[in-house]
J.: 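Can you keep this structure in mind? I'll have questions shortly.
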Amino acid sequence: LSHDGERLAFSVNTGGQGAADLWVYDLARDTASRLSFEEGNEDRPVWSPDDRLLYYDSDRHNDGTLFRRAADGTGAAEELGTTPQGIWPLAASQDGRWLAVGSVGSSTNQDILRFDLATRAISPLVVTAFEDAGAAISPDDRWLAYASEQSGRWEIYVQALGGERGRWQVSNEGGQRPRWRADGGELYFFSRPDRLMAITVESGTVPHFSAPRELFREPIEDFDAAPDGQHFVVLRAADSDGNRPLTLVTHWPQLLAQQ
């Protein structure tokens, strides 16, 4: 979802042709517009802080080359860079200066790197012998939430950015794909089987995290949270006819109270 919650960027296999393209769906107008028409797969769109640009990766050159283009469909795509192993965008900093990107290291598993948009320099953020994925940058650019299997199963961790130090495991029954609420006061993630979870976050010199609580259950593959944290868009598993419907879950506190 865009930061204002009005548009949804996603990739879709257009016409069953075997290649994914970028689309933007306007929730108020109930219309979708295709953005990419190039050769190869365009995937993993990430909004810029002002919602004017989309960062994404393409496999036209290798396993992942970073691009950006205007979200309104004007102009051409701009190639930003890649590595021998390929990179893909995970999140954009709120100051608009850098991206968290994913990559597969030559001697490690999946890693999380920092891509500087001005210099195109790449530096490590989370590089371990384990799988580390799904990064989300807090709205104040102080914390990086991500998923790692270093404990033997996927769990959610929060790591300090900048000059601060510290790292905390914040989930306790598994977790993947963290997302921040727009004000940074909550962190969302999903946990098997099919549970969307929330953690209250109190920022400070040392952040404080509540115990995870279940919001609702839904068989989903991915999700995003609206700015108010009261609405969610989820990607459900494919139905038997091959469709992948997008579901907007509203008024989840009332639904939870009825369970």
J.: For a salt bridge (Lys or Arg N to Asp or Glu O under 4.0 Å) check, start with the C-alpha distance between Arg120 and Glu78, then their side-chain angles and the critical distance, and finish with the verdict.
T.: CA-CA 13 Å; Arg120 312 293 169 88; Glu78 177 186 3; 3.3 Å; yes
J.: Enter the distance from Asn41:CG to Asn13:CG here, rounded to the nearest 0.5 Å.
T.: 8.0 Å
J.: Tell me the closest heavy-atom pair linking Ala100 and Ile112, and the distance in Å.
T.: CB-CG2, 4.4 Å
J.: Could you check whether any side-chain N or O of Asp141 sits under 3.5 Å from a backbone N or O of Gln94, counting only pairs where one atom can act as donor and the other as acceptor?
T.: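 Yes.
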J.: Test side chain to side chain donor-acceptor pair (under 3.5 Å) on Arg44 and Ser11 and set out the steps.
T.: CA-CA 7 Å; Arg44 302 182 183 94; Ser11 61; over 6 Å; no
J.: Considering only heavy atoms from C-beta outward, does the side chain of Ser203 approach that of Asp140 to under 4.5 Å?
T.: yes
J.: Is the shortest side-chain N to carboxylate O distance from Glu218 to Arg236 below 4.0 Å?
T.: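 Looking at Glu218 and Arg236, the cut-off is met.
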J.: Under 3.5 Å, is there a donor on one side chain and an acceptor on the other for Ser191 and Arg195?
T.: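 Yes, Arg195 and Ser191 have a side-chain donor paired with an acceptor closer than 3.5 Å.
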J.: Over 60° means perpendicular and under 30° means parallel, so classify the ring planes of Trp143 and Trp168, tilted if in between.
T.: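 If you compare the ring of Trp168 with that of Trp143, the planes turn out perpendicular.
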J.: Checking Tyr188 against Phe232 for the side-chain contact (heavy atoms from CB on, under 4.5 Å) test, could you report, in this order, the C-alpha distance in whole Å, the side-chain angles of both residues, the deciding distance, and whether it holds?
T.: CA-CA 10 Å; Tyr188 308 106; Phe232 297 86; 3.9 Å; yes
J.: Would a 4.5 Å heavy-atom cut-off, applied to side chains only, mark Tyr25 and Phe10 as touching?
T.: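 Tyr25 vs Phe10: side chains touch.
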J.: Nearest 0.5 Å please: distance from the CZ atom of Phe190 over to the CZ atom of Arg179.
T.: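 Atom-to-atom, Phe190:CZ and Arg179:CZ are 8.5 Å apart.
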J.: Applying side-chain contact (heavy atoms from CB on, under 4.5 Å), run through Leu8 and Val233 and close with a yes or a no.
T.: CA-CA 9 Å; Leu8 177 71; Val233 174; 4.0 Å; yes
J.: To the nearest 0.5 Å, how far apart are CD1 in Ile122 and OG1 in Thr82?
T.: 7.5 Å
J.: Transitively linked via ILVMFWY side-chain contacts under 4.5 Å: Trp47 with Leu66?
T.: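 The answer is no; the residues belong to distinct hydrophobic clusters.
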J.: Between Thr128 (side chain) and Phe130 (backbone), is there a donor-acceptor pair under 3.5 Å?
T.: yes
J.: Less than 4.0 Å between a side-chain N and a carboxylate O, is that true for Glu38 and Arg69?
T.: yes
J.: Would you call the rings of Phe67 and Tyr56 parallel, tilted or perpendicular, taking 30° and 60° as the class edges?
T.: parallel
J.: Does the Glu155 side chain pair with the main chain of Gly174, one donor and one acceptor, at a distance under 3.5 Å?
T.: yes
J.: Can any side-chain N or O of Arg167 pair as donor or acceptor with the backbone N or O of Gln169 at less than 3.5 Å?
T.: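 Checked: no pair found.
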J.: Taking the side chain as every heavy atom from C-beta outward, state whether Asp59 and Glu42 have any atom pair closer than 4.5 Å.
T.: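 No, their side chains stay 4.5 Å or more apart.
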J.: Looking at Asp57 and Ile87, what are the two nearest heavy atoms and their distance?
T.: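 Heavy atoms only, the tightest pair is CB-O, 3.8 Å.
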J.: Using the six-membered ring wherever Trp is involved, compare the ring planes of Tyr146 and Tyr157 and label them parallel, tilted or perpendicular (cut-offs 30° and 60°).
T.: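 Ring orientation of Tyr146 relative to Tyr157: parallel.
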J.: Find the distance between OG1 (Thr65) and CH2 (Trp88) and round it off to the nearest 0.5 Å.
T.: 12.0 Å
J.: First locate atom CZ of Arg213, then atom CD1 of Ile199, and finally report the distance between them rounded to the nearest 0.5 Å.
T.: 9.0 Å
J.: Show your working on side-chain contact (heavy atoms from CB on, under 4.5 Å) between Phe189 and Ser171 and close with a plain yes or no.
T.: CA-CA 9 Å; Phe189 61 93; Ser171 65; 3.7 Å; yes
J.: In terms of heavy-atom contacts, does CZ of Arg52 have more than 12 from other residues, nucleotides or ligands at under 6.0 Å?
T.: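 Open: at most 12 neighbouring heavy atoms sit under 6.0 Å from CZ of Arg52.
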J.: Could you tell me which non-hydrogen atom of Val206 sits nearest to which non-hydrogen atom of His208, and how far apart they are?
T.: O-CD2, 3.5 Å
J.: Are a donor atom and an acceptor atom from the side chains of Asp26 and Thr31 found within less than 3.5 Å of each other?
T.: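 Looking only at side-chain atoms, Thr31 and Asp26 do not form any donor-acceptor pair under 3.5 Å.
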J.: Spell out, as yes or no, whether a donor-acceptor pair under 3.5 Å connects the side chain of Gln159 to the backbone of Leu125.
T.: yes
J.: Does a donor on one side chain sit under 3.5 Å from an acceptor on the other, for Ser103 and Gln85?
T.: no
J.: Does the side chain of Glu221 come within less than 4.5 Å of Leu235's, by heavy atoms?
T.: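 They are in side-chain contact.
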J.: Check Asp116 with Arg97, please: is the shortest side-chain N to carboxylate O separation under 4.0 Å?
T.: no
J.: Taking the side chain as C-beta and beyond, is there a heavy-atom pair between Leu80 and Phe115 under 4.5 Å?
T.: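 Of all side-chain heavy-atom pairs linking Phe115 with Leu80, at least one is under 4.5 Å.
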J.: Kindly give the heavy-atom pair with the smallest separation between Ala92 and Ile137, and that separation in Å.
T.: C-CD1, 3.7 Å
J.: So, for His3 and Ser48, which heavy atoms are closest and what is the spacing to 0.1 Å?
T.: CE1-O, 3.1 Å
J.: Apply side-chain contact (heavy atoms from CB on, under 4.5 Å) to residues Leu161 and Arg142 and explain how you reach the verdict.
T.: CA-CA 5 Å; Leu161 293 171; Arg142 292 183 61 193; 5.8 Å; no
J.: Closest heavy-atom contact between Ala71 and Asp51?
T.: CB-O, 3.9 Å
J.: Working to the nearest 0.5 angstrom, can you tell me the gap between Leu144 CG and Ser138 OG?
T.: 8.5 Å
J.: Mark yes or no for whether Asp224, through its side chain, and Leu1, through its backbone, hold a donor-acceptor pair below 3.5 Å.
T.: yes
